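What follows is a short report on a single structure.
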Amino acid sequence: QMQLVESGGGLVQAGDSLRLSCTASGGTFNRYIMGWFRQAPGKERELLASISWDGSKTFSKDSVKDRFYGSRDNAKRTVYLQMNNLKPEDTAVYYCAAGWNNGVYVYLERESQYDYWGQGTQVTVSS
């Protein structure tokens, strides 16, 4: 069983940067592919980034790949989402998730492929 706790959210102004962190406890962290999702009010949850087990490969959603970067530090059992040039439309609850690495996929793109989820952290971007 793995527990995930996100941190680093808050209220920022358009153009600011934030780095979200997600620390895992329990489980073998480097056996999991990690993902970052967000859910804005009235919208479905969407994948932003998926990071391979060793951090060497990262999938990023096209609409944010020039501003958002996922990474991980297995020694610290932590995954990060660096968000630059934030926009009001980035306002959402941000979630990290862990999906078992069965050796078939380098990243995981579907919610159903993730086994564990954090409670989410709110990011609000004012204009």
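From a predicted model like this one, the values you see are computed outputs, not experimental measurements. All values below were derived from every heavy atom in this structure, side-chain atoms included, with hydrogens, water molecules and symmetry-related copies excluded.
For Thr28, the side-chain contact (heavy atoms from CB on, under 4.5 Å) criterion is met by Asn30, Arg31, not counting sequence neighbours.
Between Tyr114 and Phe37, the ring planes are perpendicular. Angles over 60° get that label, and only those under 30° would be called parallel.
Residues Thr78 and Ser21 bring no donor and acceptor atom of their side chains to less than 3.5 Å of each other. Looking at Ser126 and Gln13, their side chains never bring a donor and an acceptor atom within 3.5 Å of each other.
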Just list the side-chain donor-acceptor pairs under 3.5 Å for residues 94-101, sequence neighbours left out, or say none.
residue: Tyr94; atom: OH; partner: Arg38; partner atom: NH1; Å: 3.1
residue: Tyr94; atom: OH; partner: Asp90; partner atom: O; Å: 2.6
residue: Asn101; atom: OD1; partner: Gly103; partner atom: N; Å: 3.1

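Side-chain contact between Asn84 and Leu86: absent, with no pair of heavy atoms (C-beta onward) separated by less than 4.5 Å. Lys61 is listed as a side-chain neighbour of Glu46, based on a closest heavy-atom distance under 4.5 Å. A heavy-atom distance below 4.5 Å is not found between the side chains of Val93 and Thr121. Between Leu48 and Met83, every side-chain heavy-atom pair lies at or beyond the 4.5 Å cut-off.
Remark: Arg72 is not positioned above the aromatic ring of Trp53, lacking an NZ or CZ atom under 6.0 angstrom from the ring centre and at most 45 degrees off the axis.
Formation of a donor-acceptor pair under 3.5 Å by the Gln82 side chain with backbone atoms of Tyr69 is not found in this model. The backbone N or O of Gln39 lies less than 3.5 Å from no partner atom in the side chain of Glu44, so there is not a single donor-acceptor pair. When atom types are taken as modelled, the side chain of Trp36 and the backbone of Gly70 share no donor-acceptor pair closer than 3.5 angstrom. A donor-acceptor pair under 3.5 Å is formed between the side chain of Ser50 and the backbone N or O of Leu108.
The number of heavy-atom neighbours closer than 6.0 Å to OH of Tyr116, taken from other residues, nucleotides and ligands shown, is above 12.
From Arg77, atom CZ reaches atom CG of Leu4 across 9.5 Å, with rounding to the nearest 0.5 Å. Between atom OH of residue Tyr80 and atom CD1 of residue Ile51 there is a gap of 11.5 Å, rounded to the nearest 0.5 Å.
One hydrophobic cluster holds both Val64 and Val12 under the rule that ILVMFWY side chains link at heavy-atom gaps under 4.5 Å.
Minimum interatomic distance between Arg67 and Asn85 (heavy atoms only, all atoms of both residues): NH1-O, 3.0 Å.
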query = Are Gln122 and Thr124 close enough, and set up right, to give a side-chain hydrogen bond (donor to acceptor under 3.5 Å, both in side chains), and what steps lead you there?
reply = CA-CA 6 Å; Gln122 176 70 46; Thr124 303; 3.3 Å; yes
